[in-house]
Q: 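The structure follows.
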Amino acid sequence: MSLKETITNILFGPKAETEPGGTVDEEQKSAAEETAAETAVGGSIDPSRLELPPDHPLLRLYDLRRRTSGYLPAPRLCLDADGVLPQEMIQRELGRLRSSMTSVCSARLKQIRDSEKPSRFGKKKPDQEPEAPLSLDALPYFFLSADKLYAWVVVFPPVGLGQELNRELLLRTMLAQDISFGVDERLVDRLSHDEERYFHLFLIARGKPAFDGENGNIVDYFPRSIDRVLEVDEFGQVDYTNLNLIRNVKLGQEICRLIQPTEGDPGRTVLDQEIPAKSGKSVPLPKGRNTEISEDGLTLIASMAGHVEFTGRSFQVKPVLDIQGDVDFSTGDINFIGDINIEGDVLSGFTIRAMGNIHVGGVVEAGSSVEAGGDLVVVKGILGDGTTVVRSHRSIFSKYIENATIYARENLQTDCIINGSIYCDGEVRVRSGRGCIMGGRIWAAKMVNVQTIGSLSEVRTSIALGGLPCTNFEREIIRKDLKNLEMELEKLECQLDSPTKSSILSKTRMKLSVAELKLKQLEEDLADIKLTLKETESGRLECSLAYPGTEISFGDEILRLRQESRQCVVKMVCGEIVVM
């Protein structure tokens with residue numbers, strides 16, 4: 001028997017008998033196959049388990065132990081035996097675990113191999129005592145996650161006459177590596193006599209993760225944005241009385257409430273080190289005009305009764321002027337900084353201006369003028385005589401429009417337009433109710449969506465698309481004002497000199513200069529738009545029926561319909577008007 005075989009028998013006992021042709025490499029391969037077979041559970045691979053190649057140092061250590069002790073459960077290195085850890089963390093740690101196992105197992109194998117090498121001094125002398133066999137105690141190896149929140153242990157068995165694993169050895173090794181927080185005491189007690197204590201990975205300690213505080217938040221009791229798109233019922237009708245564009249608030253009523261940020265909850269690693277946590281960030285209450293913050297600093301309340309509106313970054317309360325009846329000689333012309341709610345009609349010859357929204361429960365009659373800084377709602381419609389002007393710097397909603405000039409910076413929605421002059425920088429929708437446009441001129445920057453255009457009598461109806469309709473309307477108004485101011489200036493210059501004449505003359509000249517500057521700016525804007533219209537294709541017409549006499553234009557391009565068109569879409573394609 002060779003010296004190597006003698007030392008091996010002393011360390012690990014006599015070699016187990018194998019079948020004819022069997023080798024150690026085959027036994028290692030069988031151990032790897034046994035490990036791989038246990039990996040498949042219900043036909044699926046455990047993603048938290050570390051797969052090892054047949055020649056891995058850990059499997060070679062396992063084979064040495066199995067040859068000396070007989071039956072030994074197959075190695076199992078599973079990071080998440082309980083199925084509670086985040087999957088992304090498991091995938092990140094598997095690579096580190098593979099590297100650690102390779103390193104520590106290779107080092108232990110090297111210790112065993114070095115003990116098997118013969119002494120460099122040759123054979124021992126007869127009077128020299130024999131060398132003591134190699135003895136390596138059981139080795140608990142602790143693997144910590146990158147964030148030090150989890151600690152696993154894998155125990156390598158003793159070699160030769162080394163000490164088996166016991167509770168004292170496990171605790172002593174654990175304390176030497178400063179693992180002291182979140183230790184599983186039951187597992188510590190069980191491992192000393194567990195059948196699977198060797199070559200198995202156990203989660204032995206869990207730290208406490210840190211939790212950042214939640215940021216502050218605002219709970220709104222009024223909506224920050226209002227949906228201005230009207231819904232059509234199953235009968236094709238729109239209820240203009242229930243738009244709810246004015247949100248009334250009482251004095252002292254809560255508008256929104258602040259939810260304060262929470263403090264962070266620090267965590268601890270398995271090494272008993274503190275993990276700092278961030279506290280949540282505070283947010284300010286969106287305080288605006290006519291609002292105030294409560295004494296506890298948690299609530300925004302209205303300092304006056306009115307209409308609450310969110311504008312950009314803050315809530316503000318606008319005063320609401322309620323008129324129980326009509327706008328007539330009992331009220332006179334109205335110029336209000338907030339919102340106006342009129343339950344009756346706006347009679348002929350009267351003017352209404354508001355910086356906010358205007359709601360008219362009745363009719364806007366001929367010869368009247370209405371201008372809203374916000375939205376305008378006319379429940380029963382606008383009945384003009386060619387001189388009626390209605391303007392809104394947002395959207396207009398009206399039951400019908402007849403013989404009136406309409407200016408809308410955003411969108412216009414109505415059931416019917418007859419002989420109207422419409423200027424809209426957004427979309428004109430005439431789909432509900434009769435859904436028809438007859439006569440007049442409609443100029444929309446984005447789209448006209450209508451059921452019927454024109455009539456059987458082939459009344460001339462003009463639809464213009466693209467450009468800046470509202471800017472063009474303002475230019476026409478300024479030109480009329482300029483003409484009137486020039487006529488007034490001529491009359492004043494013909495009068496006899498007097499202090500009154502000088503005062504009025506200077507004011508008129510100032511107004512004339514301002515109007516000329518505005519006109520110049522508008523002309524420049526329109527010139528720029530005219531150039532871009534040649535390069536871009538904007539605007540679109542969608543209609544169910546268009547009668548002959550309808551005229552559709554995109555800038556200088558004009559299309560006149562000579563026959564009925566049904567379910568058509570008109571748009572600009574490559575500089576030409578196309579009907580699809």
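Bear in mind that the values here come from a model prediction, so they are computed numbers and not experimental data. Just so it is clear, the values below take in all heavy atoms, side chains as well, and ignore hydrogens, waters and symmetry mates.
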Q: Output the distance between atom CZ (R268) and atom NZ (K208), rounded to the nearest 0.5 Å.
A: 9.0 Å
Q: Are the side chain of N290 and the backbone of V317 linked by a donor-acceptor contact shorter than 3.5 Å?
A: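 Indeed, once roles are kept as given, a pair shorter than 3.5 Å links the two residues.
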Q: Looking only at non-hydrogen atoms, find the nearest pair between A444 and G426 and report the distance.
A: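 Reported closest heavy-atom pair: CB-O, 4.0 Å.
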Q: Using only atom types and a distance under 3.5 Å, with no angle test, would you say the side chain of S348 pairs donor to acceptor with the backbone of A366?
A: yes
Q: Does the side chain of D322 come under 3.5 Å of the side chain of N341 through a donor N or O and an acceptor N or O?
A: yes
Q: Taking the side chain as every heavy atom from C-beta outward, state whether I218 and V283 have any atom pair closer than 4.5 Å.
A: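 Sidechains of V283 and I218: in contact.
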Q: Okay, side chain of D345, backbone of D326: is any donor-acceptor separation there less than 3.5 Å?
A: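 Not confirmed, D345 side chain does not pair with D326 backbone.
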Q: Check the pair S279, E263 against side-chain hydrogen bond (donor to acceptor under 3.5 Å, both in side chains), reporting the backbone distance first and the verdict last.
A: CA-CA 5 Å; S279 298; E263 297 292 330; 2.8 Å; yes
Q: Please tell me whether S455 and S457 have a donor and an acceptor in their side chains that are separated by less than 3.5 angstrom.
A: yes
Q: Where is the tightest heavy-atom contact between T291 and S303, given as atom of each residue plus distance?
A: N-OG, 3.4 Å
Q: Between D212 (side chain only) and A277 (backbone N and O only), is there a donor and an acceptor less than 3.5 Å apart?
A: no
Q: Could you pull out the closest heavy-atom pair between D375 and R394, with the gap in Å?
A: OD1-CB, 2.9 Å
Q: Does the side chain of M580 come within less than 4.5 Å of K571's, by heavy atoms?
A: yes
Q: With heavy-atom distances below 4.5 Å as the criterion, would you say the side chains of I340 and I334 are in contact?
A: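 With C-beta onward as the side chain, the pair touches.
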Q: Is it true that atom CZ of R353 has more than 12 heavy atoms of other residues, nucleotides or ligands lying nearer than 6.0 Å?
A: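 No, the 6.0 Å shell around CZ holds no more than 12 heavy atoms from other groups.
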Q: Is there a donor-acceptor contact under 3.5 Å from the side chain of T550 to the main chain of Y547?
A: yes
Q: With a distance cut-off below 6.0 Å to the six-membered ring centre and an angular limit of 45° from the axis, does R224 pair with F310 as a cation-pi contact?
A: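 That pair qualifies as a cation-pi contact.
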Q: Is there side-chain contact between R475 and L519, with heavy atoms separated by less than 4.5 Å?
A: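 Counting from C-beta outward, R475 and L519 do come under 4.5 Å.
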Q: Got a donor-acceptor contact below 3.5 angstrom from the S544 side chain to the Q567 backbone?
A: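 Flag not set: sc S544 to bb Q567 has no pair under 3.5 Å.
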Q: Over all heavy atoms of both residues, which pair between C424 and P469 is shortest? Give the atoms and the distance, please.
A: O-CG, 3.3 Å
Q: What do the steps show when you test E214 against K281 for salt bridge (Lys or Arg N to Asp or Glu O under 4.0 Å), and what is the final call?
A: CA-CA 7 Å; E214 295 184 0; K281 296 181 180 179; over 6 Å; no
Q: What's the separation between atom CD1 in I293 and atom CG in L285, rounded to the nearest 0.5 Å?
A: 5.0 Å
Q: Taking the side chain as everything from C-beta on, heavy atoms only, tell me whether E427 gets closer than 4.5 Å to N449.
A: no
Q: Are side-chain heavy atoms of T388 and T405 found at a separation under 4.5 Å?
A: no
Q: Are T299 and R257 linked by a side-chain donor-acceptor pair shorter than 3.5 Å?
A: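 Present: a donor and an acceptor within the cut-off.
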Q: Among R431, K399, R434, find the one that has a side chain to side chain donor-acceptor pair (under 3.5 Å) with D415.
A: K399
Q: For T269 and L149, indicate whether the former's side chain and the latter's backbone hold a donor-acceptor pair under 3.5 Å.
A: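 A pair under 3.5 Å: no.
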Q: Mind checking the CG-CG spacing from D385 to N403? Nearest 0.5 Å is all I need.
A: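 Those atoms lie 7.5 Å apart.
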Q: Would you check if there is a donor-acceptor pair between the side chains of E488 and N484 at a distance under 3.5 Å?
A: no
Q: Do R566 and L545 have side chains that approach each other closer than 4.5 Å (heavy atoms only, starting at C-beta)?
A: yes
Q: Report the C-alpha distance between Y423 and Y407 in whole Å, list the side-chain angles of each, state the deciding distance to 0.1 Å, and finish with yes or no for ring pair (Phe, Tyr, Trp, His ring centres under 6.0 Å).
A: CA-CA 5 Å; Y423 301 87; Y407 168 107; 7.8 Å; no
Q: Do other residues, nucleotides or ligands put more than 12 heavy atoms under 6.0 Å from the CE atom of M355?
A: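 Atom CE in M355 is not packed in, count stays at 12 or less.
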Q: Distance-only, no hydrogens or angles: does the D296 side chain make a donor-acceptor pair with backbone N or O of L298 under 3.5 Å?
A: yes
Q: Taking all atoms of both residues into account, what is the closest heavy-atom pair of I552 and I577, and its distance?
A: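 Taking I552 first and I577 second, the nearest heavy atoms are O-CD1, 3.8 Å.
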Q: Check Q87 against P47 and note the closest heavy-atom contact, atom names and distance.
A: NE2-CB, 3.5 Å
Q: Got a second to check how far D425's CG is from L412's CG, nearest 0.5 Å?
A: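 If I round to the nearest 0.5 Å, the distance is 12.0 Å.
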Q: Rounded to the nearest 0.5 Å, what separates atom NE2 in H393 from atom SG in C470?
A: 9.0 Å
Q: Counting distance only, does the side-chain N/O of T461 pair as donor-acceptor with the main-chain N or O of M438 below 3.5 Å?
A: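 Not confirmed, T461 side chain does not pair with M438 backbone.
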Q: When you compare the side chain of E274 with that of P266, does any pair of heavy atoms fall below 4.5 Å?
A: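 Yes - at least one pair of side-chain heavy atoms lies under 4.5 Å apart.
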Q: Using a 3.5 Å distance criterion without hydrogens, assess whether the side chain of S421 forms a donor-acceptor pair with backbone atoms of A404.
A: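 Side chain of S421 to backbone of A404: no pair is present.
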Q: Find the distance between SG (C543) and CD1 (I453) and round it off to the nearest 0.5 Å.
A: 4.0 Å
Q: Side chains of N411 and R429: do they bring a donor and an acceptor to under 3.5 Å?
A: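 No.
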Q: As a test of understanding, state which of L512, L505, I504 forms a side chain to side chain contact (heavy atoms under 4.5 Å, CB included) with T508.
A: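 Going through the options one by one, the only one that passes is I504.
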